[in-house]
S.K.: 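Just passing along the structure, written as structure tokens.
Quick caveat, the model's predicted, so the values are computed rather than measured.
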Amino acid sequence: LPRTIPLHFVTEEQVKRDYVNQSVWLEMSGFTGRPGTHCLLPSFDGELDSVLVGKPKTFDTWTLGRLAHTLPAQKYTLADELPSDIATKLCLGWVLGQYRFTRYKQIADALPELAFPDSADQAYITAAAEATYLVRDLINTPALDMGPQQLAEAAQQLAERFGASCQITVGKDLLAANYPMVYAVGQASEQAPRLVDIRWGEATAPKVTLVGKGVCFDTGGHNMKSSAGMKLMKKDMGGAAQVLGLARMIMQLALPVSLRVLIPAVENSIAGNATRPSDILTSRQGTTVEIGNTDAEGRLVLADALTEASSESPEMLIDCATLTGAARVAVGAEIAALFCNDQPTAQALLKAGTEMDDPLWQLPLHEPYRNMLDSKVADINNISSAPYGGSITAALFLREFVQGQTPWIHIDFMAYNTRSQPGRPEGGEAMGMRSLFAMLKERFKG
């Protein structure tokens, strides 16, 4: 039988003290035990005997992320006895590091395997990894194969897998169902706009509602984006992908909640019937919205969905969206921006982000900026009158459509790794999803 090769975490002091017999090999390999490095140790017969891994000061999810695809394709095991939370993180990072997007290009080389220790939470690892793979796959798929119809079909398949109901409202039926801004944004595309509505769980359980921005491609409309700005717009449905991933974790791990997922799925295209700058739309809520810029379309489709979501007064309302470039300027591409109307909830989510190595950074719902959205001809404008604080004014726009006192979280995130890091290959990415799940699990323990 093939031998399982141990991975040993070692400090620089341990290397000097415990591996004297291998000192020549280690020196030739340039391995000192520095965190983030590793060394393959051969046996006397030239086979791979073990792997030394520089031990970090603090283990995190990404400690083994790079080794998961760079080690020789053999089977490995963790030689150290580790607490459950650490073992779970290490194994999850390993699996996330092995993600590949293979829909259009097959990759033949084999990957190394890791035998999970008994202390690792295998059910959580499987759920978190499968949810993350789902998010990455959806985002990485180009709009040619991930338009509003295909996104809705992916949502329906997920619902069917876990015995959830799924209702999809398509095209002009959106007008009859009173989702006028979803229809207005998506009407110029060959693929009709649609609203996905998933329900799962016991009706008497605490209600958690997720809303995801599903703009499958964003040209900017008549306020057309530049070629550089349009290049990654297949990812503009990243919010929808993320709430589907979060919903999958909730259902797969049987969180005791009554779950609802709303996804407005549209393509922001250009045609004779496309929404124009200066048009005035009437929202589901009845609020009139002046279109200051057709490239600020995501907040329009979210507004109708948030109105419906909050009408049921859920105990938690969460929306995820690739909403603003301003958020990327504020916190960069690798941190999700968090807005929240309830500070204890925000603090709980920030804490979860730190614990899960899935960071978020809170930005303020700064009330004095609200008047920047004032319109002379409508109740509100969809863009600010000032060039600053764009992620804040976008969040304030969304807040106008959250009815009642519902605790509301708004995540404005990149949904894309612009560079490859351990466990996080370049491409589509869930950002804040595991943190949201951890916060919900703590809040609704049952």
Side-chain angles (χ1 to χ4, degrees), residues 96 99-105 126-171 173-174 179 182 185-186 189-201 209-218 232-253 259-269 298 301-302 305 309 318-322 411 413 415-416 427-434 436-437:
L96 296 183
Y99 172 82
R100 293 168 167 182
F101 183 58
T102 59
R103 178 165 178 169
Y104 305 96
K105 183 177 181 179
T126 299
E130 290 181 351
T132 304
Y133 276 38
L134 171 65
V135 176
R136 291 173 175 177
D137 280 348
L138 291 174
I139 296 171
N140 285 332
T141 303
L144 176 69
D145 294 318
M146 190 51 65
Q149 178 182 337
Q150 292 90 351
L151 179 59
E153 288 171 353
Q156 189 164 31
Q157 289 168 10
L158 180 67
E160 289 173 356
R161 172 164 181 174
F162 292 98
S165 68
C166 182
Q167 179 180 347
I168 302 173
T169 307
V170 183
D173 287 348
L174 290 165
Y179 291 99
V182 177
V185 170
S189 173
E190 286 189 358
Q191 281 200 24
R194 52 206 73 203
L195 190 283
V196 177
D197 190 347
I198 295 172
R199 292 181 186 268
W200 172 89
T209 302
L210 312 178
V211 176
K213 174 185 169 184
V215 178
C216 295
F217 195 85
D218 181 16
L232 281 181
M233 281 302 100
K234 68 175 183 178
K235 76 172 184 65
D236 213 21
M237 39 63 69
Q242 175 141 299
V243 298
L244 288 176
L246 179 56
R248 180 178 182 130
M249 289 188 72
I250 289 169
M251 294 186 290
Q252 193 162 338
L253 294 173
L259 176 67
R260 189 180 189 189
V261 182
L262 291 167
I263 295 173
V266 302
E267 182 177 358
N268 188 22
S269 299
V301 300
L302 287 172
I318 299 166
D319 81 72
C320 295
T322 52
I411 305 295
F413 72 124
Y416 207 87
E429 185 63 285
M431 297 177 172
M433 180 183 72
R434 291 181 292 106
L436 287 165
F437 178 81

S.K.: Given the rule in the side chain to side chain contact (heavy atoms under 4.5 Å, CB included) test, do Val301 and Tyr179 qualify, once you have shown the distances and angles that lead to the verdict?
M.R.: CA-CA 8 Å; Val301 300; Tyr179 291 99; over 6 Å; no
S.K.: Would you call Arg103 and Asp137 a salt bridge, using N to O less than 4.0 angstrom?
M.R.: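 A salt bridge is absent here (no side-chain N lies under 4.0 Å from a carboxylate O).
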S.K.: Please find the pair of heavy atoms, one from Trp200 and one from Ala164, that lie closest to each other, and give the distance.
M.R.: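 Answer, listing the atom of Trp200 first, then Ala164: CB-CB, 3.7 Å.
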S.K.: Just wondering, do Tyr104 and Asp145 contact through their side chains at under 4.5 Å, heavy atoms?
M.R.: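 They are in side-chain contact.
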S.K.: If you measure from CE on Met249 to CD on Glu130, what distance do you get to the nearest 0.5 Å?
M.R.: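 Rounded to the nearest 0.5 Å, the CE-CD separation comes out at 10.5 Å.
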S.K.: In plain terms, say whether Asp319 and Lys213 are close enough for a salt bridge, that is, a side-chain N and a carboxylate O under 4.0 Å apart.
M.R.: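 The answer is no: the pair does not qualify as a salt bridge.
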S.K.: Without swapping roles, check the side chain of Glu160 against the backbone of Gln157 for a donor-acceptor pair under 3.5 Å.
M.R.: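 A pair under 3.5 Å: no.
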S.K.: Would you kindly say whether Glu153 and Gln149 are connected by a side-chain donor-acceptor distance under 3.5 Å?
M.R.: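 Their side chains do contain a donor-acceptor pair, which is all the 3.5 Å distance test asks for.
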S.K.: Which heavy atom of Arg434 sits nearest to which heavy atom of Ala128, and what is that distance?
M.R.: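 Closest heavy-atom pair between Arg434 and Ala128: CD-CB, 4.3 Å.
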S.K.: Is the shortest side-chain heavy-atom distance between Leu436 and Cys320 below 4.5 Å?
M.R.: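 In short, these two side chains touch, coming nearer than 4.5 Å.
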S.K.: Start with the C-alpha distance between Tyr99 and Asn140, add both sets of side-chain angles, then the distance that settles side chain to side chain contact (heavy atoms under 4.5 Å, CB included), and finish with yes or no.
M.R.: CA-CA 12 Å; Tyr99 172 82; Asn140 285 332; 3.1 Å; yes
S.K.: Apply the test side chain to side chain contact (heavy atoms under 4.5 Å, CB included) to residues Val196 and Gln167: give CA-CA distance (whole Å), side-chain angles for both, the deciding distance (0.1 Å), then the verdict.
M.R.: CA-CA 6 Å; Val196 177; Gln167 179 180 347; over 6 Å; no
S.K.: For the residue pair Leu232 and Tyr416, establish whether any side-chain heavy-atom pair is separated by less than 4.5 Å.
M.R.: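 Side-chain contact under 4.5 Å: yes.
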S.K.: Rounded at 0.5 Å granularity, tell me how far CD in Gln242 sits from CD in Glu429.
M.R.: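 Reported value, rounded in 0.5 Å steps: 9.0 Å.
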S.K.: So which atom in Leu138 and which in Ala154 form the shortest heavy-atom distance, rounded to 0.1 Å?
M.R.: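 Closest heavy-atom pair between Leu138 and Ala154: CD2-CB, 3.8 Å.
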S.K.: What closest approach, in Å, do Ala152 and Arg194 show between heavy atoms, and which atom pair accounts for it?
M.R.: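 Smallest heavy-atom distance, with atoms named: CB-CD, 3.6 Å.
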S.K.: What I'd like to find out is whether the side chain of Leu259 reaches to under 4.5 Å of the side chain of Ile198, using heavy atoms alone.
M.R.: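 They are not in side-chain contact.
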S.K.: Apply side chain to side chain contact (heavy atoms under 4.5 Å, CB included) to Arg260 and Leu210, showing your working.
M.R.: CA-CA 6 Å; Arg260 189 180 189 189; Leu210 312 178; over 6 Å; no
S.K.: If every non-hydrogen atom of Ala247 is compared with every non-hydrogen atom of Val261, which pair is closest and at what distance?
M.R.: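 Taking every non-hydrogen atom into account, CB-CG2, 3.8 Å.
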S.K.: Would you give the length of the straight line joining atom CG of Asn268 to atom SG of Cys216, rounded to the nearest 0.5 angstrom?
M.R.: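 Going from CG on Asn268 over to SG on Cys216, the span is 11.5 Å.
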S.K.: Using side-chain heavy atoms (C-beta onward) and a distance below 4.5 Å, is Met146 in contact with Lys234?
M.R.: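 The answer is no; the side chains never approach within 4.5 Å.
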S.K.: Using 0.5 Å steps for rounding, measure from the CG atom of Leu158 to the SG atom of Cys166.
M.R.: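 The distance works out to 9.0 Å.
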S.K.: With a 4.5 Å heavy-atom cut-off, do Leu151 and Ile263 have their side chains touching?
M.R.: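 The answer is yes; the side chains approach within 4.5 Å.
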S.K.: Please round to the nearest 0.5 Å and tell me the distance separating atom CE of Met431 and atom OG1 of Thr132.
M.R.: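 Those atoms lie 11.5 Å apart.
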S.K.: Would you call Met237 and Val215 a side-chain contact if the rule is heavy atoms closer than 4.5 Å?
M.R.: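 The answer is no; the side chains never approach within 4.5 Å.
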S.K.: Can you tell me how far CE of Met251 sits from CG of Leu244, rounded to the nearest 0.5 angstrom?
M.R.: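 Atom-to-atom, Leu244:CG and Met251:CE are 8.0 Å apart.
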S.K.: Restricting to non-hydrogen atoms, name the atom on Gly212 and the atom on Pro264 that form the minimum distance, rounded to 0.1 Å.
M.R.: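 Answer, listing the atom of Gly212 first, then Pro264: O-CD, 3.2 Å.
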S.K.: Are any non-hydrogen side-chain atoms of Leu195 and Leu174 less than 4.5 angstrom apart?
M.R.: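 Side-chain contact under 4.5 Å: yes.
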